[in-house]
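Notes for the one structure printed next.
Sequence lines set the chain letters: A, B, ... in the order given, protein chains first and strands last, and positions in each chain run from 1.
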Amino acid sequence: MMTEGTPQAASAILSAERVSKSFGEVPVLFSIDFDIKPGEVHAVVGENGAGKSTLMKILSGLEPPTSGVIRFEGHTGALPPDGQAEGLGIVVIHQELNLAEHLTVTESIFLGREWTRHGFLRRADMRDEAARILDLLHMHIDVTARIKDLPIADRQMVEIARAISRDARVLIMDEPTAVLSVTESEALFEQIARLRQSGVAIVFISHKLDEVKRLADRVTVLRDGQLIATVDATNLSADAIAQMMVGRELSNLYPPKKEPDADAPVVFAVQNLSTPGVHDISFTLRQGEILGFAGLIGSGRTAALEASVGLTAPDTGTVTLKGETVNFKNVADALAKGLVYMTKDRKGKGLLLNMGLRPNLTLFTLSRHVKNLFLDDRSETGALNRAMRRFDIRARDSSVNVGQLSGGNQQKLLLGKTMEADPDIIIIDEPTRGIDVGTKQQLYHIIAALAAEGKSIIVISSEMQEIIGLCHRVMVMREGQIAGTLEGAEISEHNIVRYAAGLGPKGTGHNERLSA
Amino acid sequence: MSDLARETAGKIPPAMTPTGRWRIDLKTAGPLVALIILVIIGYSLNPLFLSEGNISNLLTRSAFIGIIAVGATFVITAGGIDLSVGSMAAFIAGMMIIIMNAAADTFGISLVTVLIGAGCSVILGIGAGFINGFMTTKGRIEAFIVTLGTMGIYRSLVTYFANGGTLSLQSPVRDIYRPVYYDAIFGIPIPVLVFVLVAIAGWILMNRTVFGRYCMAIGSNEAVARYSAIKVDRVKTTTYILQGLCVSLATIIYVPRLGSASSATGVLWELEAIAAVIIGGTMLKGGFGRVGGTVIGALILTAIANILNLTDIISNYLNGAVQGVIIIVAVYLQRANISARRKPRT
């Protein structure tokens, strides 16, 4: 029930006052004050599990606060539940994509508020409107395409188009750029600027601090459910934000690079591999090397490497492992030869969210925990204890479901599961997607340490800084082909972007060859 | 059952409530509590319910559905479904009778004849299970569709072989075969003994072996299983083969009971088997299987029929209705349990 009240901050459209939230007996937010004004971008940052998403759910009425007051346009009281706050103009773009796979783009954008005339859908009008909104975002998505046929970045843009089309007055975006490429993010930022101009209040959650620095008027930092600070973005460097998030100084995000020996043997080679979305690519990996795969989302990096480890059957191409030509029929074949692939989709393909830590950790290598035909509890528990120590996996206790862990801990568990196989060659797809900077640092150090031990590693990443900070050598992919290879000092944001965009390095005449 | 309890404990964070542990026990024991309540009701309505003869009868009757349901637990846990088991049982029973009648002409009225019949039953069960599994995995057809198809095929085949009537075992052969249903070892009827052995083997397979873990992983998320080096198709096919094997065992025990098979044999067994699995706490969408619960589920279903037989309060004809109510209530309670869990946060 909304009741009349005196507006506390005259200009705030939506505010939370001393809001706390507990799930059962577990407190996740402690007395948070937060407000958002029309025509403002207010960024919320914090490590995974800091309570950002919970705060957003409270601000949008999806979760009621345990205590505290929500004030919308000067009225206090409970927001309507189950996303009905959209009717008030509070629109959320969720971190997990919330699109029905079998609907078309138009149907998704208009879902829940279809345009009708005399009870019939105005299909053509809706298609035109959907096309107009996507055009604003510079997206060339077929409005009659089904969601399931779209790449993940396009789905995110459809979700954004859906929110924009709702005439939002408060727009809450939970990590909207996590799966977007640089150009796609730019188009989104343009729209954010336009919406801000027109007086929309925007809440923006992101792990990408350069974006936060660039877009936000104010920044709120949360840590462990506590409000650390709300400050003007102009007074703050990205480094200062990062320090507030983790509560300690992050001096060395990336470990020092230790180049592999000059005469280190090639342990993994792929020649002339083609598979849908990938055309004739070749690369080699030397022992102790960290090889990066950079490029835009959809440039074929994942498809190429999934085909090399037997997850999909390549159309053509040969894979050589430690000098031996191999033909993997499935993941088990690759695993037997010491080659493993760690998926970027930890929730959909990496972990069983409704099971505990132990079955998840040992699933990949379960046959190693068999004693006299039966599973050996003690051996599995031992493996879990070791992995929790080695990878610093933090869980309230080891019987919780994996779905309840924070993204960072899930990722560390997935790495632990992969490393249970004690592989020689590890392919890691997006090692730090959607996880906080503290855990990122840990993962980078673990990856570097593995390489120093003599493991050979391929890192696929859309985060340029990660590729630059971590890799000894970088392949840049573009439209299913390798656009260029960078080594040593050549590995720079500038060069990666040029290759990814289809331009060769300046003055080398690569241009003509690449465009051919 | 300690592992079973631990599996369940994983579903609810113990930190949730101080009484969390009690609630877990209650949840695991839910079907058992329901069975005990049912027994009390049965006894209070008619003390004969707990007579030795009736208990023995009840357990023997529950053996067919129970054995089939143990197999169904694996299929459902791995995310599949098998609707063909009732028809498959009728078909196998019909084939056994035809084969034994023919074998009796060659080998005479002897144990060999019965053994040939039983052997053929096992081969047919495994074969039928393999066909279901092969078509769902390699053919990429949904299990519901495949087994709906084979359900019609087997039912129609047994009607065809029986020429629309009944296939009967030659009575001399039946005399040799009879004890398999009617005799007891150490006072335990043979069907019950087989049921107990199948249940124990099933429980061990589900909770103590790589195969059981793989079934749960596949039912929980097939993509994760595939990325975890599990040969998904092979494991899924194996669950259907296990199911076929369980059907063949149930049929071997069933045939001597009446010594005949017709198009009416095994009608609705598939639904009773699935109901037993679900009442026992296995999730229909897969990922979580409980063999112990399935056994109790089968006992609950048989006990309901038995109680209605022994009393006049509700007509025996309403047996199906009572079972239907129980199934819906059981699933509703499971659902309530799920939503009571803490939602994950990021």
Heavy-atom proximity to chain A below 4.5 Å, by part of B/I204: side chain

Which atom of B/A223 lies closest to which atom of A/G348, heavy atoms considered: CB-O, 3.6 Å

Test side-chain contact (heavy atoms from CB on, under 4.5 Å) applied to B/S220 - qualifying residues, sequence neighbours left out: A/L352, A/N354, A/M355

Residue-level contacts of residues 331-341 of chain A with chain B, using a heavy-atom cutoff under 4.5 Å: A/V331, A/A332, A/L335, A/Y341

Contact summary for A/F364 and B/A229, nearest pair of heavy atoms: CE1-CB, 3.8 Å

Under 3.5 Å donor-acceptor, A/N330 side chain and B/K231 backbone: no

Which portion of A/Q410 sits near chain B, non-hydrogen atoms under 4.5 angstrom: neither

From B/L205 atom CG to A/F374 atom CZ, the distance as rounded to the nearest 0.5 Å: 9.0 Å

Point-to-point distance, once rounded to the nearest 0.5 Å, from CG of A/D377 to CZ of B/R208: 5.5 Å

Toward chain B: residues of residues 414-426 of chain A with heavy atoms under 4.5 Å: A/K417

side-chain contact (heavy atoms from CB on, under 4.5 Å) partners for A/L375, two or more places apart: A/L366, A/V370, A/E380, B/V210, B/R213

Chain B contact via A/L357 - which portion, at a heavy-atom distance below 4.5 Å: neither

